Amino acid sequence: MGMQRWFTVAVLALAVSACSDADESSLCPAFDDFVTAAAALPGDDDLGAADAAADEVGAIRAAADQLAAADDGRHQATLQALTTSLDDLERTLRSFEPDLDAATWRPLVFDSVDDVVDAFAALDEALAQECGDGD
């Protein structure tokens with residue numbers, strides 16, 4: 001499974017448990033918006049130039065900022081880890097030539113994507129406690 005598709009699947013799978021009862025917290029709708037932004041990443045077959053991928057990561061980062069604003073500091077460390085990993089991924093993508101083809105840059109960002117997925121998993125675990133697990 002490719003990098004972007006794997007990230008999208010990981011985000012959607014983790015989101016199933018978190019924030020299943022959005023009426024309990026304003027944090028949960030913000031988390032849903034974050035998941036929606038992450039799910040909008042193009043699939044492996046649609047990956048383009050490095051600058052376009054960086055723009056996509058920037059959009060996810062903006063959704064993470066909204067999530068942090070809704071959080072009111074309750075999960076500050078976990079959200080900071082997520083935003084740091086997103087910033088690192090975006091910075092790495094922007095370090096490439098803007099029109100660099102995905103076939104070239106994709107293998108170079110696997111570690112950064114793994115960091116984002118790990119940070120998201122930690123956030124999902126924390127939000128499962130906040131929003132309920134739907135059981």
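Since this is a predicted model, take the numbers as computed values, not measurements.
- To the nearest 0.5 Å, atoms CG (Asp115) and CZ (Phe110) are separated by 13.5 Å.
- Taking CG of Asp72 as the reference point, atom CG of Leu27 lies at 8.5 Å (rounded to 0.5 Å).
- The line from CD of Glu56 to CD of Glu90 is 11.0 Å long, rounded to the nearest 0.5 Å.
- A distance of 8.0 Å separates CD of Gln76 from CG of Asp71, quoted to the nearest 0.5 Å.
- Minimum interatomic distance between Ala30 and Ala70 (heavy atoms only, all atoms of both residues): CB-CB, 3.7 Å.
- Exactly one residue among Leu89, Asp118, Thr92 makes a side-chain contact (heavy atoms from CB on, under 4.5 Å) with Val113. That residue is Leu89.
- You'll find the side chain of Phe120 stays beyond 4.5 Å of the side chain of Thr78, heavy atoms only.
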CA sep, side-chain torsions, deciding dist, call: Arg94, Asp87, salt bridge (Lys or Arg N to Asp or Glu O under 4.0 Å): CA-CA 10 Å; Arg94 294 212 187 277; Asp87 287 345; over 6 Å; no

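- Taking both residues in full, the closest heavy atoms of Phe31 and Leu123 are given as CE1-CD2, 4.1 Å, listed atom of the first, atom of the second, then distance.
- Counting heavy atoms from C-beta outward, Val57 and Leu93 have side chains that approach closer than 4.5 Å.
- Between Pro107 and Ala102 the shortest heavy-atom distance is CD-O, 4.2 Å.
- Distance check: Leu67 CG to Thr83 OG1 gives 10.0 Å after rounding to the nearest 0.5 Å.
- Nearest heavy-atom pair, Leu79 versus Ala68, reported as atom, atom and distance to 0.1 Å: CD1-CA, 3.7 Å.
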Worked verdict on Phe96 versus Leu108 for side chain to side chain contact (heavy atoms under 4.5 Å, CB included): CA-CA 10 Å; Phe96 303 133; Leu108 303 174; 3.8 Å; yes

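- Nearest heavy-atom pair across Asp51 and Pro98 is OD1-O, 2.7 Å.
- Considering every non-hydrogen atom in both Ala64 and Leu86, the closest pair reads CB-CD1, 4.0 Å.
- Rounding to the nearest 0.5 Å places CG of Asp32 at 10.0 Å from CG of Leu127.
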